[in-house]
Amino acid sequence: MKRIAIFASGSGTNAEAIARHFADNDNIQVTCVLSNRANAGVHQRMQPFGIPTITLDKETWNTATPIVDMLQEQNIDLIVLAGFMRKIETPLTTAFARRIINIHPSLLPLHGGAGMYGHHVHEAVLAAGDTESGITIHYVDEMIDGGEIIFQARCEVLPDDTPDTLADRIHILEHRHFPQVIEQLLTD
Ligand code: GAR
């Protein structure tokens with residue numbers, strides 16, 4: 001059995017798509033969700049799947065070693081960042097090298113880096129006048145949004161798009177591809 005830990009800070013639609021995808025899978029399981037926000041929507045979204053969620057405080061995320069210990073005790077094979085809005089500290093990137101992946105709502109290296117998350121990314125895409133955007137799934141290392149790219153998918157940006165309409169199109173791509181990329185990584 002391969003075991004996934006999801007880190008999420010927000011609504012959790014990607015976490016839900018992943019949980020649904022693996023709900024009946026005998027070989028791959030979402031074991032837990034770790035969050036930095038007690039009121040994040042992801043907690044409720046995990047309830048129907050019986051996946052435990054935990055909120056950890058700032059100090060624990062900053063130290064990170066208690067998180068490494070917890071995930072190693074649970075024999076986690078892959079950490080999946082699904083809308084996780086914090087930097088991943090060195091103890092985690094070291095202990096789980098090439099075993100942490102992130103989804104980013106643009107075609108990296110475009111519109112990535114510190115401060116580039118959620119609607120900020122879509123605003124930047126529109127401000128740049130880009131005619132296409134998309135999603136990037138990549139390994140997580142020390143550099144924010146800088147790890148090796150695993151997968152990208154594209155969509156068009158329409159002339160009358162707002163950050164919200166673009167975010168909706170991006171979410172569709174994310175929900176379609178993220179679970180499958182995870183399955184492929186854990187199956188290869
Ligand atoms: C997703 O679009 C994800 O790509 C983005 O946050 C959203 C979370 O949505 N992540 C980042 O911007 C990371 N830099 P969700 O909570 O509904 O899954």
Side-chain angles (χ1 to χ4, degrees), residues 4-23 30 32-49 51 53-56 61 78-89 92-93 96 100-128 130 132-157 161-183 185:
I4 299 168
I6 296 176
F7 293 3
S9 304
S11 168
T13 66
N14 277 286
E16 184 177 347
I18 296 163
R20 180 169 294 116
H21 183 84
F22 292 111
V30 179
C32 59
V33 173
L34 273 53
S35 182
N36 58 328
R37 294 210 186 121
N39 60 356
V42 71
H43 298 287
Q44 247 185 333
R45 285 187 193 272
M46 291 302 102
Q47 280 176 14
F49 301 96
I51 296 170
T53 71
I54 319 163
T55 303
L56 302 170
W61 285 109
L78 186 69
I79 299 172
V80 173
L81 310 189
F84 187 64
M85 307 307 183
R86 275 192 60 104
K87 185 177 183 294
I88 299 295
E89 301 297 338
L92 270 163
T93 54
F96 287 88
I100 310 177
I101 63 170
N102 177 47
I103 191 159
H104 185 82
S106 75
L107 295 170
L108 289 175
L110 295 176
H111 311 299
M116 277 295 176
Y117 57 88
H119 67 97
H120 298 291
V121 178
H122 307 306
E123 282 164 9
V125 168
L126 295 178
D130 296 353
E132 66 169 8
S133 188
I135 62 169
T136 303
I137 297 168
H138 63 93
Y139 288 108
V140 173
D141 60 17
E142 296 292 296
M143 268 175 40
I144 296 177
D145 296 331
E148 185 191 329
I149 291 174
I150 302 165
F151 175 89
Q152 290 186 311
R154 289 158 196 276
C155 64
E156 56 183 347
V157 176
D161 262 333
T162 64
D164 282 345
T165 59
L166 181 54
D168 288 346
R169 201 171 306 121
I170 292 285
H171 263 124
I172 291 168
L173 275 186
E174 293 185 329
H175 301 161
R176 183 183 305 154
H177 293 290
F178 204 13
Q180 290 183 2
V181 170
I182 293 167
E183 182 166 359
L185 281 177

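The structure presented is a predicted model; accordingly, all values stated were derived computationally and were not measured. Start at 1 and go down the list; that is how both ligands and their atoms are numbered. Numbering of residues begins at 1 and proceeds along the displayed sequence.
- No more than 12 heavy atoms of other residues, nucleotides or ligands sit less than 6.0 Å from atom OH of Y117.
- Heavy-atom contacts of M116 reach the following atoms of ligand 1: 14 (N) (cutoff under 4.0 Å).
- Ligand 1 is never approached by A8 to a heavy-atom distance shorter than 4.0 Å.
- Which of G12, G83, S9 comes nearest to atom 16 (O) of ligand 1 through a heavy atom is settled by distance: it is G12.
- The shortest heavy-atom contact between G118 and M85 is N-CE, 4.4 Å.
- The single protein non-hydrogen atom nearest to atom 11 (C) of ligand 1 is P105 CD, 3.6 Å, given as residue, atom name and distance.
- The protein non-hydrogen atom at the shortest distance from atom 6 (O) of ligand 1 is M85 CE, 3.4 Å.
- Nearest heavy-atom pair across S35 and S9 is OG-CA, 4.1 Å.
- Across I103 and E174, no two heavy atoms sit closer than the pair CD1-CG, 3.6 Å.
- For ligand 1, the atoms sitting less than 4.0 Å from at least one non-hydrogen atom of Y117 are 12 (O), 14 (N), numbered in the order shown with element in parentheses.
- The aromatic rings of F84 and W61 sit tilted, their planes meeting at an angle between 30° and 60°.
- When all heavy atoms are compared, the tightest approach of H111 to A128 is CE1-CB, 4.0 Å.
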Identify each donor-acceptor pair in which a side-chain atom of residues 136-150 lies under 3.5 Å from a protein atom, sequence neighbours left out, and give them as a table.
from	atom 1	to	atom 2	distance (Å)
T136	OG1	S106	O	2.6
T136	OG1	L108	N	3.0
T136	OG1	Q152	NE2	2.9
H138	NE2	N102	ND2	3.1
D141	OD1	M143	N	3.0
E142	OE1	T90	OG1	3.3
E142	OE2	T93	OG1	2.6
D145	OD2	G113	N	2.8
E148	OE1	R98	NH1	2.7
E148	OE1	R98	NH2	3.4

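- When the options R86, H171, R45, E16 are ranked by their closest heavy atom to atom 9 (O) of ligand 1, first place goes to H171.
- Considering every non-hydrogen atom in both F49 and A23, the closest pair reads CD2-CB, 4.5 Å.
- Within the structure, the closest approach of H120 to ligand 1 does not fall below 4.0 Å when heavy atoms are considered.
- If you check which protein heavy atom lies closest to atom 17 (O) of ligand 1, you get T13 OG1, 2.5 Å.
- A donor-acceptor pair under 3.5 Å links the side-chain atoms of R45 to the main chain of S11, judged by distance alone.
- For ligand 1, the polar-atom distance check finds an N/O of G118 within less than 3.5 Å of one of the ligand's N/O atoms.
- In terms of protein heavy-atom proximity, atom 13 (C) of ligand 1 is closest to I103 O, 3.9 Å.
- Proximity of I170 to ligand 1 is not established, as no heavy-atom distance is less than 4.0 Å.
- The shortest N or O to N or O distance between N14 and ligand 1 is below 3.5 Å.
- Considering H175, E174, H122, H119 only, the shortest heavy-atom separation from atom 1 (C) of ligand 1 involves E174.
- The shortest non-hydrogen separation linking A82 to A8 is O-CB, 3.4 Å.
- Counting atoms of ligand 1 from 1 in the listed order, those under 4.0 Å from a heavy atom of H104 are 4 (O), 14 (N).
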